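As structure tokens, the structure follows; a few thoughts come after it.
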Protein chains: 2
Amino acid sequence: MEIDSNPAACQPLLDYFGKLIPLKQEEKELVEAKFHPHTFAKKQFALQEGKVCDHFDFVVKGCLRLFKVDEKGDYHVFQFATENYWILDLTSFHKRIPSSLNIEALEDTLVLRITHRDLLDLYIHAPKFDRIFRVLLENHFMQQQERIGQLFSSTAEERYLSFLEQYPHLFNRIPNTQIASYLGITPEFLSKIRKNLQAKG
Amino acid sequence: MEIDSNPAACQPLLDYFGKLIPLKQEEKELVEAKFHPHTFAKKQFALQEGKVCDHFDFVVKGCLRLFKVDEKGDYHVFQFATENYWILDLTSFHKRIPSSLNIEALEDTLVLRITHRDLLDLYIHAPKFDRIFRVLLENHFMQQQERIGQLFSSTAEERYLSFLEQYPHLFNRIPNTQIASYLGITPEFLSKIRKNLQAKG
DNA sequence: CTATACCCTTAATCTAGGTTAAGAAATCAG
DNA sequence: CTGATTTCTTAACCTAGATTAAGGGTATAG
């Protein structure tokens, strides 16, 4: 693993915020004070079912998955997070209740992490972040709604194709088992889909 | 239809906001200035596919549904909104693009409506609303995530039962066709489920 | 009061996707 | 380099839920 976890490495996050709304110097310093780097080796968990999710993570490098294990023991991926994405269990984070989800590194990963306490603090000292996190949440919400729409009215093949379109940087980076789990199908069926598609063009 | 659309009738909304974060007098006045009552007769559309959604609606009385019509002509309900719920197509609203969704009244309905322009204005004049709408969005997001989880790992019968639990005020208020459409199944299959459940207890 | 539209149910048949099992290929740890 | 774990594929069979069709019930508008 070659990950630079130099504590001054908040730049990607400052860039990200700056694109949403320009930050003043003091706001930048607040970000540097409140967000801390954290690394995870491949297969390491960033959140384990049953624990309260006390952190809001911004991925600088690598890839994480947010997933649930159901009563039958099947895995379901809610979300992948690569560079410049956010990941957490929002429900556990806000309600301060044990999470029913897990977050696991699919690659060696570096995140910038803020705790619940520090985020509230950030909101108080710099209300601009109320707006930033509102916008960020709006974006997440839209993506989720799109996904519900697809689960309702598209076949697994259609969903696979639109996954390839929407996440071209991901499909050759993570195993097909994970993609299947994101699409809500079995790896066997994804394999069948891929074979069919190949037969076409 | 017996709906009081007296323009001073912002009280339910003020109550709603006040429960999240106490409002100052001037903020209350801003709410009264920016939100306007609007009524819809049963079956009337509050938003039509193809138009930009320019309004954020708070339901005071009645019931609306947010739904999509897919390529095959099938209907899929994303959300019902009754008293004290919000409804809009967030994607169209924020991106200012034509909506692919519809909103229709299932009962005679009264909403308090704010336009896109006025909401931005509200954020500028009273940053507290950045926070309020962030919290509101967090709540919506959590509900949606719960729903994705269910679509992944629960059978239609389980989803029906949890719908009954989660929305006890709704199931005897709207037709089963609508509930089926919310659950992502056909009315015929819902009928079968209800029969099975009756056979049990 | 009636007619029309909507709503609910049943039953037969069909299909997208799951399950089980098993082997081949690729990746990884020591 | 080598054994072990993970991943991918194929194929036979199975099931939740869709589709089609049809009859009866119930609002509701005129």
Side-chain angles (χ1 to χ4, degrees), chain A residues 1-2 41-44 63 65 67 69-77 80 104-108 150-164 170-200, chain B residues 1-2 41-44 63 65 67 69-77 80 104-108 150-164 170-200:
Chain A
M1 158 148 66
E2 283 305 324
K42 185 170 177 175
K43 294 198 186 172
Q44 199 183 338
C63 183
R65 69 199 254 248
F67 69 100
V69 185
D70 71 18
E71 313 75 46
K72 285 169 38 192
D74 294 336
Y75 290 64
H76 306 281
V77 173
F80 297 112
E104 186 196 0
L106 294 177
E107 303 173 350
D108 294 339
Q150 283 202 2
L151 285 174
F152 272 140
S153 59
S154 303
T155 63
E157 177 172 315
E158 289 164 345
R159 276 179 278 143
Y160 177 59
L161 288 173
S162 91
F163 176 86
L164 294 185
L170 261 185
F171 88 98
N172 50 6
R173 193 167 156 182
I174 59 181
N176 282 327
T177 44
Q178 298 301 329
I179 297 180
S181 168
Y182 177 86
L183 297 175
I185 60 178
T186 58
E188 291 86 350
F189 192 59
L190 177 53
S191 199
K192 200 188 258 181
I193 288 173
R194 287 157 52 83
K195 194 183 167 192
N196 286 346
L197 287 175
Q198 222 170 339
K200 292 179 194 171
Chain B
M1 156 145 71
E2 283 304 327
K42 186 171 176 171
K43 292 195 188 178
Q44 200 182 337
C63 183
R65 69 198 254 247
F67 68 101
V69 185
D70 69 20
E71 314 73 45
K72 285 169 38 191
D74 293 336
Y75 290 64
H76 306 281
V77 172
F80 297 113
E104 185 195 1
L106 293 177
E107 301 174 350
D108 294 339
Q150 283 202 1
L151 285 174
F152 272 139
S153 59
S154 303
T155 63
E157 178 172 315
E158 288 164 347
R159 277 179 277 144
Y160 177 60
L161 288 173
S162 91
F163 176 86
L164 294 184
L170 260 185
F171 87 97
N172 50 6
R173 193 168 157 182
I174 59 180
N176 282 328
T177 43
Q178 298 301 330
I179 297 179
S181 167
Y182 177 86
L183 297 175
I185 59 177
T186 58
E188 290 86 349
F189 191 58
L190 177 53
S191 200
K192 201 188 256 181
I193 288 173
R194 287 156 52 81
K195 194 183 168 191
N196 286 346
L197 286 174
Q198 223 170 341
K200 293 177 195 171

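In what follows, chains carry the letters A, B, and so on, assigned in the order in which the sequence lines appear, proteins first and then strands, with residues in each chain numbered from 1. Computed from a prediction, not measured in an experiment: that's the story for all the values here.
Between the axis at the start and the axis at the end of the helix from C:dT9-D:dA22 to C:dG30-D:dC1 there is an angle of 50°, using five pairs per end and rounding to 10 degrees.
A search for side chain to side chain contact (heavy atoms under 4.5 Å, CB included) contacts involving B:D74 returns B:D70, B:K72, B:H76, not counting sequence neighbours. Annotation: side chain to side chain contact (heavy atoms under 4.5 Å, CB included) contacts of A:F163 (sequence neighbours excluded): A:F80, A:Y167, A:L170, A:F171, A:I179, A:Y182, A:L183. Remark: B:R173 engages B:E83, B:E107 in a salt bridge (charged side-chain N to carboxylate O under 4.0 Å, His left out) (not counting sequence neighbours). Taking the side chain to side chain contact (heavy atoms under 4.5 Å, CB included) definition, one finds that B:S191 meets it with nothing, sequence neighbours left out. The side chain to side chain contact (heavy atoms under 4.5 Å, CB included) check on B:A105 picks up B:F40, B:L64, B:T109, with sequence neighbours excluded. Applying the salt bridge (charged side-chain N to carboxylate O under 4.0 Å, His left out) criterion to B:K200, with sequence neighbours excluded, gives B:E157.
Between A:N196 atom CG and C:dG17 atom P there is a gap of 11 Å when expressed in whole angstrom units. The distance from atom CD1 of B:I193 to atom P of D:dG17 is 7 Å, rounded to the nearest whole Å. Straight-line distance from the CZ atom of B:F152 to the P atom of C:dG18: 11 Å, rounded to whole Å. We find that NZ of A:K195 is positioned 17 Å from P of C:dG17, with the value rounded to whole Å. With rounding to whole Å, A:L197 atom CG is found 15 Å from D:dT9 atom C1'.
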Would you tabulate the nitrogen or oxygen pairs shorter than 3.5 Å linking the protein to nucleotides 25-30 of chain C?
residue : atom : partner : partner atom : Å
C:dC28  : OP1  : A:K42   : NZ           : 3.4

For nucleotides 19-25 of chain D, print each protein N/O atom paired with a nucleotide N/O atom at under 3.5 Å, atom names and distance only.
residue : atom : partner : partner atom : Å
D:dT19  : OP1  : B:K72   : NZ           : 3.3

Would you list the protein and nucleotides 3-5 of chain D atom pairs, both N or O, that sit under 3.5 Å from each other?
none

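Of the inter-residue distances, the one linking B:L190 atom CG with B:Q178 atom CD reads 11.5 Å to the nearest 0.5 angstrom. Going from atom OH of B:Y160 over to atom CD1 of B:I185 covers 9.0 Å, rounded to the nearest 0.5 Å. Rounding to the nearest 0.5 Å gives a distance of 13.0 Å between NZ of B:K195 and CD1 of B:I193.
Side chain of B:T177 to main chain of B:P187: no donor-acceptor pair is present (N/O by atom type, distance under 3.5 Å, no hydrogens or angles). Under the 3.5 Å distance criterion, the side-chain polar atoms of B:S181 are matched with a main-chain donor or acceptor of B:Y75.
A:S162 and A:Q150 make their closest contact through OG-NE2, 2.8 Å (heavy atoms, listed as atom of the first residue, atom of the second, distance). Nearest approach of B:K42 to B:D108, heavy atoms of both residues: N-OD1, 2.8 Å.
For A:R194 and D:dT9, the shortest distance from a side-chain N or O to OP1 or OP2 is below 4.0 Å.
Near-neighbour residues of DNA chain D inside residues 172-183 of chain A, defined by a heavy atom below 4.0 Å, number-ordered: A:P175, A:N176, A:T177. Within residues 155-162 of chain A, the residues having any heavy atom closer than 4.0 Å to DNA chain C are, in order of number, A:T155, A:A156, A:R159.
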| message | Set out, in order, the CA-CA distance, both residues' side-chain angles and the distance that settles side chain to side chain contact (heavy atoms under 4.5 Å, CB included) for A:N176 and A:R194, then state yes or no. | response | CA-CA 10 Å; A:N176 282 327; A:R194 287 157 52 83; 3.3 Å; yes
